[in-house]
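Before any comments, here is the structure.
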Amino acid sequence: MTVNERIKKALDPIGLPVKPDRYKGDEESYIVFNYSTLGACYADDAPGFERYLVQVHFFCPAGVNSLQIRKTIKENLLQADFSWPEEVNAADGSMQKNDEGKQHYVFECEWLEGIEDGSV
């Protein structure tokens, strides 16, 4: 299972759109994710694992009580074997025009995958 599939499988049960990189739909609440990678656990000058640095972005309208959904995002990612996510409130003046007036939370976590056989 790819890291994209793993993230979607963890977050789809929440019932919101879950998309990599960018959401172009009409729903007011949605989840977008992205990640970067780097080698980890080097031996003989080669990494044994790929370390994924994952960011999950949750957007919803201002004024919505988002506490339960934010808790569920963290719990679902942990259950999918990601590290416990750090939650950051990213709703500030730097949001894109179509995201103004929304809550924006970023959940940062990690996933470690074996390079040779795709296992953890």
Side-chain angles (χ1 to χ4, degrees):
M1 179 181 316
T2 68
V3 71
N4 281 27
E5 293 167 338
R6 183 173 297 278
I7 294 168
K8 282 195 57 62
K9 184 177 179 182
L11 300 178
D12 276 345
I14 294 171
L16 299 174
V18 178
K19 301 292 181 184
D21 303 321
R22 187 171 183 178
Y23 175 67
K24 297 179 183 180
D26 295 325
E27 296 293 326
E28 291 188 8
S29 298
Y30 54 91
I31 297 170
V32 178
F33 64 90
N34 60 280
Y35 54 85
S36 57
T37 66
L38 60 143
C41 303
Y42 281 80
D44 296 326
D45 296 323
F49 291 86
E50 188 82 25
R51 182 175 164 209
Y52 291 83
L53 307 175
V54 178
Q55 289 189 333
V56 173
H57 301 260
F58 167 57
F59 293 90
C60 69
V64 168
N65 182 347
S66 62
L67 188 59
Q68 185 58 50
I69 292 175
R70 292 172 13 225
K71 181 179 176 183
T72 302
I73 288 171
K74 291 188 278 189
E75 291 171 346
N76 287 13
L77 288 168
L78 183 66
Q79 289 298 315
D81 294 327
F82 290 90
S83 64
W84 181 257
E86 177 181 345
E87 179 180 339
V88 176
N89 183 341
D92 62 18
S94 66
M95 300 177 88
Q96 297 178 13
K97 183 174 175 124
N98 61 332
D99 292 328
E100 289 176 3
K102 289 188 180 253
Q103 296 179 57
H104 176 196
Y105 292 91
V106 181
F107 303 87
E108 297 178 328
C109 57
E110 297 183 14
W111 169 256
L112 196 61
E113 179 175 81
I115 288 178
E116 287 189 25
D117 60 4
S119 67
V120 176

Can you confirm whether [X] sits close enough to [Y] that some side-chain heavy atom of one is under 4.5 Å from a side-chain heavy atom of the other?
X: Tyr30; Y: Lys102; answer: yes
X: Leu77; Y: Leu11; answer: yes
X: Asn4; Y: Tyr35; answer: yes
X: Glu27; Y: Leu16; answer: no
X: Cys60; Y: Phe58; answer: yes
X: Tyr23; Y: His57; answer: no
X: Val3; Y: Phe82; answer: yes

With a 3.5 Å distance limit and no angle check, can you tell me whether [X] reaches the backbone of [Y] through a side-chain donor-acceptor pair?
X: Lys8; Y: Pro20; value: no
X: Thr37; Y: Glu50; value: no
X: Glu110; Y: Arg51; value: no
X: Glu87; Y: Phe107; value: no
X: Ser66; Y: Ile69; value: no

Where [X] and [Y] come nearest, the two heavy atoms and their spacing:
X: Phe49; Y: Cys41; result: CD1-CB, 3.6 Å
X: Ala10; Y: Ala80; result: CB-CB, 3.7 Å
X: Pro61; Y: Ser29; result: CD-OG, 3.4 Å

Original post:
Taking the hydrophobic residues Ile, Leu, Val, Met, Phe, Trp and Tyr, and joining any pair whose side-chain heavy atoms are under 4.5 Å apart, which ones share a cluster with Leu38?
Top reply: Leu53
Please round to the nearest 0.5 Å and tell me the distance separating atom [atom1] of [X] and atom [atom2] of [Y].
X: Glu28; Y: Gln103; atom1: CD; atom2: CD; answer: 12.0 Å
X: Arg70; Y: Ile14; atom1: CZ; atom2: CD1; answer: 12.5 Å
X: Glu113; Y: Asp81; atom1: CD; atom2: CG; answer: 12.0 Å

**OP:** Kindly check if the number of other-residue, nucleotide or ligand heavy atoms within 6.0 Å of NZ (Lys19) is above 12?
**Re:**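 Check fails, neighbour count at 12 or below.
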**OP:** Check side chain to side chain contact (heavy atoms under 4.5 Å, CB included) between Lys71 and all other residues, then give those that pass, not counting sequence neighbours.
**Re:** Gln68, Glu75
